[in-house]
Amino acid sequence: MIRSVVRGFGAALPKRVMTNREMEEVVDTTDEWIVQRTGIHQRYIAGEGETTVTLGTAAAKAALENAGLTADDIDLVLVATSTPDNTFPATAVDIQNRLGMTHGYAFDMQAVCTGFVYAMATADLHIRGGLAKRALVIGAETFSRILDWNDRTTCVLFGDGAGALVLEAQEGEGTIADRGILTSRLRSDGSHKEKLFVDGGPSSTGTVGHLRMEGREVFKHAVGMITDVIEGAFEATGTTADDLDWLVPHQANRRIIDGSAKKLGIPSEKVVVTVDLHGNTSAASIPLALSVACADGRIKKGDLVMLEAMGGGFTWGALLVRW
Ligand code: UT7
């Protein structure tokens, strides 16, 4: 059977780092509060000329180079983002063009912080369905542009960045020893819309709008939803937390990450945490964390890796992959 195997990774961050101390100049907050409640020490903020498209393109180029491939080898460009450069065309099509591709196809995926998990699951279906042999799956965001910089309950949490993986069709045996995506679990429940949303849009206000969040309400649901889909992925593959080499969670809050890992019995040494460096970069957080842990040699070929995310919608999901 065909499996979607990870062949390369890449990341891109804006030039400017913004520390918690700098945040103290913007809103009534403290480094201590931010670190204690979230684990965030700094985030990257896009400057002039840096956009979701430019960051996504840079991450895609890095992933191609890491894979030893060129854009000619790619059939599908799939971008998870909630902060596109334009309402349309899709960010993915813009990136496809900047990579010099006039072949293949490209589209965007909108599932907010769960976007990268949704995009990986979707690319996997396109690869296993024979539509594409190789896919660039990108998570790219510039949340700094939709933040209300007067709202201390949200503006301290988010950052900008992009990460990308190259997926490739390879023959597998159909067992969990195969390399590639082994299973995915996707969920959503729109009854939670008001807890995390952007208060604008082309069809409602004709404006871009700002991010609004009832943080405590999101927090209350996060651990239960995350552990539910991870347990579903374990069950579907006959694996357990003991088989896992790495948990690479969406990086929203250190307390959510620790709480989920503890509930699942996954030791903290097996959890990749980058929220301290990047803040919450929504759909970019998982590929950014993966890039860090692959580049420093933690995640190796053959490792069993669980990806998970939860965010606006609510949407949530998990994906189990043999690296
Ligand atoms: O990626 C998408 C998913 N999003 C998330 O997963 C976010 C989920 N939520 C969270 O991570 C947490 O709820 C937050 C980090 C947003 C907030 O942490 P919390 O422990 O739930 O704090 P809280 O909202 O209950 O606020 C506690 C206090 C409040 O003061 P009072 O009412 O107790 O006097 C806030 O006004 O902290 C205050 N506060 C702040 N203080 C200093 C809120 N924001 C700040 C701030 N600096 N930036």
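Whatever order the structure lists them in is the order used to number ligands and atoms, beginning at 1.
- Counting only heavy atoms of the protein, atom 24 (O) of ligand 1 lies nearest to Arg216 NE, 4.0 Å.
- Arg134 has a carboxylate O that lies under 4.0 Å from a charged side-chain N of Glu168, or vice versa, which qualifies the two as a salt bridge.
- At a distance under 4.0 Å, no protein heavy atom can be found next to atom 32 (O) of ligand 1.
- Considering only non-hydrogen atoms, atom 40 (C) of ligand 1 lies nearest to Trp33 out of Trp33, Phe219, Phe314.
- Closest to atom 27 (C) of ligand 1, if we only count protein heavy atoms, is Arg37 NH1, 3.5 Å.
- Remark: distances from the non-hydrogen atoms of Met310 to ligand 1 include one below 4.0 Å.
- Residue contact check for ligand 1: Leu196 places a non-hydrogen atom closer than 4.0 Å to it.
- If you check the side chains of Thr83 and Glu141, you find a donor sitting under 3.5 Å from an acceptor.
- Note: no N/O pair closer than 3.5 Å links Ala252 and ligand 1 by distance alone.
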Applying ring pair (Phe, Tyr, Trp, His ring centres under 6.0 Å) to Phe107 and His126, what does each step give before you reach the verdict? CA-CA 12 Å; Phe107 64 97; His126 282 240; 5.6 Å; yes
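- No side-chain donor-acceptor contact under 3.5 Å links Thr91 and Thr81.
- Backbone and side-chain nitrogen or oxygen atoms of Thr30 are examined, and none is located within less than 3.5 angstrom of a nitrogen or oxygen of ligand 1.
- Residues Arg43 and Asn20 have side chains that bring a donor and an acceptor to within less than 3.5 angstrom of each other.
- Distances from ligand 1 to the non-hydrogen atoms of Val27 include no value under 4.0 Å.
- In Ile256, the part holding a heavy atom less than 4.0 Å from any atom of ligand 1 is the side chain.
- For atom 1 (O) of ligand 1, the closest non-hydrogen atom of the protein is Asn280 ND2, 2.7 Å.
- Side-chain contact annotation: Ser144 with Asp160, donor-acceptor N/O pair under 3.5 Å present.
- Side chains of Thr237 and Thr239: a donor-acceptor N/O pair is present below 3.5 angstrom, by distance only.
- Closer than 4.0 Å to atom 29 (C) of ligand 1 lies none of the heavy atoms of the protein.
- Using a 4.0 Å cut-off between a side-chain N of Lys or Arg and a carboxylate O of Asp or Glu, Asp75 and Lys133 do not qualify as a salt bridge.
- Looking only at heavy atoms of the protein, atom 2 (C) of ligand 1 is closest to Cys113 SG, 3.2 Å.
- Ion pairing of Glu269 with Arg298 is absent here, as no side-chain N (NZ or NE/NH1/NH2) approaches a carboxylate O to less than 4.0 Å.
- Ligand 1 has no N or O atom lying under 3.5 Å from any N or O atom of Thr38, backbone or side chain.
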